Amino acid sequence: MREYVVKEGSLRPTDKGLSIPYKKSLNPAQYEAVTTLQGPLLVIAGAGSGKTRTLTYRVARLVEQGVSPSAVLLLTFTRKASQEMLRRAAVLLDHRCEKVSGGTFHSFANLTLRRYAERIGFGSGFSILDRTDAEDGINVFRTRMGLNLKDRRFPRKRTIANIYSKAVNKGVSIDEVILEDYSHFLKDTTDLLRLHEAYQAYKRKNLLMDYDDLLIYLRILLQENPDVRETLSKMYQYIMVDEYQDTNKIQADVVKFLAATHNNVAVVGDDSQSIYAFRGANFRNIMDFPEMFPDTKIIKLEENYRSTQPILDIANVIIDRAEEKYTKILFTKKKEGALPALVVAEDERMQSQFVSQRILELREEGVPLNEIAVLFRASYHSFDLEIELNQRDIPFVKVGGFKFMETAHIKDLLAHLKVLANPLDSISWHRVLLMIESIGPKTAEEIFESIARSGTGLQGLSAVKPKPRYAPAFDRLKGELEDLGGARIPLEEIGVRLLQYYEPILEKKYDDYPKRLKDLEQLVTIMERYQRLEEFLSDMALEPPNASVDDALATDFEDEHLVLSTIHSAKGLEWHTVFIIWALEGRFPVSFAARSDEEMEEERRLMYVAATRAKENLYFTCPIDIYDWSTGSVFSRLSRFIDGIPEDILEPWSLVGD
């Protein structure tokens with residue numbers, strides 16, 4: 001018998017016979033990351049070092065070397081990120097790359113759980129609650145349990161949702177979260193635990209999952225079902241995770257389970273940009289990856305393609321002072337550039353005057369306003385600056401405010417669609433019914449209970465005996481939902497019909513209904529891309545559009561406008577010129593960060609993220625001797641993150657009067 005030797009690790013780093021010139025297209029570190037295809041790999045990608053390019057080429061490399069696209073799983077934090085990487089990979093190679101499984105942890109969880117729902121005691125037709133829906137559900141039980149009395153200061157629904165979500169994402173008990181972050185509600189711990197138990201039971205009974213449930217149940221599925229774990233692990237032979245520093249404990253566990261049969265896991269991230277602990281991101285995940293996956297190969301991407309060397313020099317100094325890190329030194333071929341500047345103002349108004357004046361000068365020098373950003377630690381830090389900008393007629397947009405899917409009118413229309421998809425969705429039923437005049441919360445609850453008891457879905461509407469005061473409006477709703485529930489018509493037509501039904505309600509509820517109508521028309525346009533209602537609703541919950549059409553059509557701003565942003569919102573973005581304001585102890589880092597070393601280290605990483613957004617110019621500004629009303633302190637020290645940096649790296653500027 002002839003023997004044939006199967007060699008371990010047959011996917012070797014050679015470009016022979018491949019169509020893409022990988023070695024010429026990538027720097028040495030990127031090339032090593034792209035061609036290391038077997039075993040666990042940790043890529044520490046410094047700011048602006050071509051992380052997306054590296055992942056894109058790695059997808060193409062796997063496919064070009066014969067790996068089936070269906071055997072590759074790319075997990076990212078936004079669907080847009082994975083789609084862009086796969087699109088670029090397809091341009092590099094061919095359409096096969098677009099067949100790679102790519103998406104967010106939550107979308108992957110959604111698809112997997114629908115396939116194996118019975119293993120965790122659910123039906124595959126569960127609905128997904130977005131954050132607002134989850135808060136409304138919590139509020140139902142808050143009211144039902146008599147916890148909303150006026151003479152008692154019980155946490156509001158948003159705070160309660162934050163407490164529950166933080167416990168899940170940090171992997172700690174609700175008691176611990178209350179003690180650590182909400183100690184003023186310690187006396188309410190027992191009631192908060194009772195409320196949580198009722199809310200969890202309610203979700204399971206009504207086939208509902210919130211964002212956190214998707215991850216929790218995915219981990220339970222993989223942990224308690226070895227056959228499912230093995231099946232999925234053999235299905236996805238090569239796993240890649242983007243922004244690994246932003247994963248929480250549950251997501252890290254999921255990655256470990258998915259790699260159970262092969263350990264071919266490549267994670268890309270930057271420990272120095274781990275800034276989302278408040279969302280549950282676990283800094284330890286990226287630091288402990290080599291322990292979770294023994295024999296991990298570590299590759300550092302240190303060549304920066306964004307900033308000048310003087311900007312990178314100060315970024316290197318800021319992060320070099322970190323207590324724990326993967327040491328890396330950012331460098332670039334763009335050696336020349338202006339030194340970052342340190343501007344100390346005598347008060348907040350002078351800080352605002354300097355920033356505004358310098359922005360106008362840069363504009364005259366040819367830097368477009370939309371290539372300039374002012375970054376700050378907390379949203380309220382920009383209030384005085386906003387006044388100054390308005391006085392000087394400098395147009396700006398501030399990141400924040402309600403997002404498209406969080407607006408009331410969008411939520412209204414979606415509620416109607418949700419009851420079509422899941423007639424047991426009591427949160428959506430309450431929203432739909434409360435739009436009818438003369439129906440209050442108690443009546444809405446009675447109507448829903450009647451529908452639920454019937455066990456016949458939308459046909460249960462016939463079991464409701466409406467009172468005369470709201471019968472005409474209820475019958476109109478009943479007729480519309482019963483027609484649409486049984487109709488075999490395109491999804492966008494369902495959207496059009498519901499919009500026609502809802503438009504009179506919209507006109508009565510909102511003075512600015514014409515603007516809101518544009519948003520709703522945009523939502524119906526989005527529906528044209530879908531064939532199934534369940535798929536549309538899942539995508540709207542997991543990957544919603546992030547801006548209102550009204551924002552896009554706003555006439556308050558010129559085409560060119562300055563950007564004001566918190567640093568958390570600025571991660572992943574870049575501008576020609578960046579101003580970091582309030583670089584003052586007590587403001588940045590914030591005072592409360594002093595309560596733990598971990599929080600102070602995250603503040604340092606925030607400063608690093610802010611500095612590395614700049615391409616050409618970087619300014620640190622702060623007023624001095626500022627009285628803080630909340631603490632009764634005077635803030636007079638420069639931020640510890642830039643204090644003591646030599647003048648040949650950070651150039652002091654002196655402000656003088658005209």
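Computed from a predicted structure; not experimentally measured.
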Can you tell me if H196 uses its side chain to pair, donor with acceptor, with the backbone of L192 under 3.5 Å? no
Q.
Using side-chain heavy atoms (C-beta onward) and a distance below 4.5 Å, is L208 in contact with Y202?
A. yes
- Query: Strictly by modelled atom types, are K80 and Q83 linked by a side-chain donor-acceptor pair under 3.5 Å?
  - Reply: no
- prompt: Judged by modelled atom types alone, do S379 and K398 share a side-chain donor-acceptor pair under 3.5 Å?
  reply: yes
Margin query: Looking at E197, I want to see if its CD is surrounded by more than 12 non-hydrogen atoms of other residues, nucleotides or ligands under 6.0 Å.
Written below: no
CG of D483 to CG of L458, rounded to nearest 0.5 Å, is 11.0 Å
Smallest heavy-atom separation, I436 atom then A473 atom, equals CG2-CB, 3.5 Å
So CG of L179 and CD1 of I174: to nearest 0.5 Å the spacing works out to 13.5 Å
| message | Please determine whether salt bridge (charged side-chain N to carboxylate O under 4.0 Å, His left out) holds for the pair E180 and K166, giving the CA-CA distance in whole Å, both sets of side-chain angles, and the decisive distance to 0.1 Å. | response | CA-CA 11 Å; E180 183 71 24; K166 187 169 279 193; over 6 Å; no
Q.
Could you check whether Y470 and T443, counting side-chain N and O atoms only, form a donor-acceptor pair closer than 3.5 Å?
A. no
Worksheet item: Does D475 pair with K478 as a salt bridge, N-O distance under 4.0 Å?
Response: no
Quiz item: Are side-chain heavy atoms of I239 and N264 found at a separation under 4.5 Å?
Solution: no
For A444 and L434 the tightest heavy-atom approach is CB-CD2, 4.3 Å
For the residue pair R79 and D539, establish whether any side-chain heavy-atom pair is separated by less than 4.5 Å.
yes
Under the 3.5 angstrom rule, does the side chain of Q245 hit a backbone N or O of D270 as a donor-acceptor pair? yes
- Item | Between S462 and Q459, a side-chain donor and acceptor under 3.5 Å | no
Any side-chain heavy atom of L520 within less than 4.5 Å of one from I410?
yes
Notebook entry, point to check: If only atom types and distance count, is the side chain of R476 paired as donor or acceptor with the main-chain N or O of Y501 below 3.5 Å?
Noted result: yes
Using atom types as modelled and distance alone, determine if a side-chain donor or acceptor of W429 lies under 3.5 Å from a backbone N or O of L424. no
Closest heavy-atom pair, S82 versus G102, reported as atoms and distance to 0.1 Å, is OG-C, 3.8 Å
More than 12 heavy atoms from other groups under 6.0 Å of CZ on R144: yes
Any L417 side-chain heavy atom under 4.5 Å of M527 side chain: yes
query = Does NZ or CZ of R204 fall inside the cone over F122's six-membered ring, less than 6.0 Å from its centre and within 45° of the axis?
reply = no
- request: For the residue pair N225 and Y116, confirm or rule out a side-chain donor-acceptor distance under 3.5 Å.
  value: no
With distance as the sole test, does R229 use its side chain to make a donor-acceptor pair with the main-chain N or O of L222 at under 3.5 Å?
yes
**Asked** Do we see a donor-acceptor contact under 3.5 Å between the side chains of D425 and S127?
**Response** no
Rounded to the nearest 0.5 Å, the CG atom of L481 sits from the CG atom of L461 at a distance of 6.0 Å
- Hey, is the main chain of S274 close enough, under 3.5 Å, to the side chain of R605 for a donor-acceptor pair? yes
- Query: Are H106 and L215 close enough, and set up right, to give a side-chain contact (heavy atoms from CB on, under 4.5 Å), and what steps lead you there?
  - Reply: CA-CA 7 Å; H106 290 88; L215 297 183; 3.7 Å; yes
query: Do I275 and K571 come close enough that some side-chain heavy atom pair is under 4.5 Å?
result: yes
Problem set entry | Side chain proximity check, R58 to Y238, heavy atoms < 4.5 angstrom | no
Note to self: Applying side-chain contact (heavy atoms from CB on, under 4.5 Å) to F105 and T247, what does each step give before you reach the verdict?
What the structure shows: CA-CA 9 Å; F105 278 93; T247 55; 4.1 Å; yes
Using only atom types and a distance under 3.5 Å, with no angle test, would you say the side chain of S233 pairs donor to acceptor with the backbone of L258? yes
Could you tell me if the side chain of E243 sits less than 4.5 Å from the side chain of T76, heavy atoms only?
no
Output, in order, the C-alpha distance, side-chain angles, deciding distance and verdict of side-chain contact (heavy atoms from CB on, under 4.5 Å) for V59 and M85.
CA-CA 8 Å; V59 169; M85 289 180 203; 5.8 Å; no
Nearest heavy-atom contact between V265 and A259 is CG2-CB, 3.2 Å
For the residue pair H568 and Y276, does the interplanar ring angle fall in the parallel (under 30°), tilted (30 to 60°) or perpendicular (over 60°) class? tilted
- Item | Side-chain H-bond candidate by donor/acceptor type, N110 with R114, under 3.5 Å | yes
- Task: Starting from the C-alpha separation in whole Å, work towards a yes-or-no answer on salt bridge (charged side-chain N to carboxylate O under 4.0 Å, His left out) for K256 and D253.
- Result: CA-CA 5 Å; K256 180 68 175 175; D253 288 344; over 6 Å; no
Mind checking whether Y236 and F108 have ring centres under 6.0 Å apart? yes
Correct closest heavy-atom pair for A463 and S450 would be O-OG, 3.6 Å
Electrostatic pair K170-E176, nearest N-O below 4.0 angstrom: no
**Message:** Does this structure show an ion pair linking E493 with R497, if we count only N-O contacts that are shorter than 4.0 Å?
**Reply:** no
Y244 and A252 have their tightest heavy-atom pair at OH-CB, 3.7 Å
Open item on the list: If we ignore hydrogens and angles and just use 3.5 Å, is the side chain of D246 paired with the main-chain N or O of A281 as donor and acceptor?
Closed with: no
Checklist entry - Would you say D213's side chain and D210's backbone share a donor-acceptor pair under 3.5 angstrom? => result yes
Using salt bridge (charged side-chain N to carboxylate O under 4.0 Å, His left out), reason through D227 and R119 one step at a time and then give a plain yes or no.
CA-CA 11 Å; D227 58 324; R119 295 292 192 97; 2.7 Å; yes
For this session: Please assess K203 against M209 for the test side-chain contact (heavy atoms from CB on, under 4.5 Å), listing each intermediate value before the final yes or no.
Result: CA-CA 6 Å; K203 285 187 292 181; M209 289 193 197; over 6 Å; no
Rounding to 0.5 Å, atoms CZ (R431) and CG (L433) come to a distance of 12.5 Å
**Report entry** Donor on one side chain, acceptor on other, N162 and R156, under 3.5 Å
**Finding:** no
Output for pair (R279 CZ, N248 CG), nearest 0.5 Å, gives 12.0 Å
Requested in this report: State, without any angle test, whether D212 and Y164 hold a side-chain donor-acceptor pair at a distance under 3.5 Å.
Outcome: no
| said: For K234, I'd like to know if atom NZ has over 12 heavy atoms of other residues, nucleotides or ligands within 6.0 Å. | reply: no
Interatomic distance, CG@D242 vs OG1@T52, rounded to 0.5 Å, equals 6.0 Å
Margin query: Counting only heavy atoms not in E437 (residues, nucleotides, ligands), do more than 12 fall under 6.0 Å from its CD?
Written below: no
ask   = Taking the side chain from T143 and the backbone from N139, do they hold a donor-acceptor pair closer than 3.5 Å?
value = yes
